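Everything numeric here is computed off the predicted structure, so don't read it as measured data. Order of listing sets the numbers, starting from 1, for every ligand and every atom in it.
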Amino acid sequence: LHERQMKARIAGISVEKALRYCFAALFSAAAFCASAADQSQPIPGFTDTPFLPGNKWRVHDPARPQPPVVAPGTASSQERPGRPPSDAIVLFDGTDLSQWRDRDGRTPPWRVENGELTVGKGTIYSRQEFGDVQLHVEFCTPTDVGTNTSQARGNSGVFLMDRYEFQILDSYENPTYADGMVGAIYGQYPPLVNAARPPGEWQTYDIVFIAPRFEDGKLKSPAYATVFLNGVLVQHHAEILGSTQHRRLASYTPHPPTGPISLQDHGTPNRFRNIWVRPLKLEE
Ligand code: MG
């Protein structure tokens, strides 16, 4: 074995030993011991390796900061919503509308029942505002489709920054223009595939949204979105053309670096559950 690999292995063994002693001495505080050992032991790595292009770290650099620890959540089933990751801001957990407001700042007239949120009068807005995010939303469109077709069936939407709509629609055997289906960035990009579930089934939206940047009143970089619908990739790093428009071309108007997340009232009693968001820190 290479000498450095040997050293790394020895370091690994001594971490194990230290942990064992820790557990023996303080058997009631195992979690505390593990984190203390992590901090007192050197991080394994290499200091004779090349520098990565464009930054100050070497390949396998032991000094490179460790990422924050996040306890992952659990997946949802049709019967019950999953659990969000530990660092998520929960916008709706099935209990109340405390994280939401109407356009005028009041509690919105949407119904919370059986852990679900049903669309009522008027679009609703998150009280907190966000820029770059990972967003998880679950929704269900009504089984009673009546004679509704196209955009009149199961229409709602998730808006980022009060401007950029990720369409919600019943797109199960319900043809409409492609850039208006569920999974579409409305009026701009159809989903890569139609991964819609039938009405009455819970569906998941997982959206990675990079907010646009403005400088001196001009667009510096556009918004981007990567989107999974029901776990299937439907948008890949799509360059958003501007605020969502109906029958018009999208364009950008400068706006603040954060804004609310909103859910659209389009006159259909769609239901929502398990809504959470993780603000992203992507810039050093
Ligand atoms: Mg809509």
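- Geometric assessment of R127 against the ring of W100 yields a negative cation-pi assignment under the 6.0 Å and 45° thresholds.
- Angle OD1(N155) to the Mg ion (ligand 1) to OE1(Q167): 90° [nearest 10 degrees].
- With Y252 contributing its side chain and A223 its backbone, the two residues share a donor-acceptor pair below 3.5 Å.
- For E165, the N, O or S atom closest to the Mg ion (ligand 1) goes by the atom name OE2.
- With the Mg ion (ligand 1) as the vertex, O of S156 and OE1 of Q264 span 80° to the nearest 10°.
- Counting only distance, with no hydrogens or angles, the side chain of S126 and the backbone of I261 share a donor-acceptor pair below 3.5 Å.
- Separation of the F92 and F272 ring centroids does not fall under the 6.0 Å cut-off.
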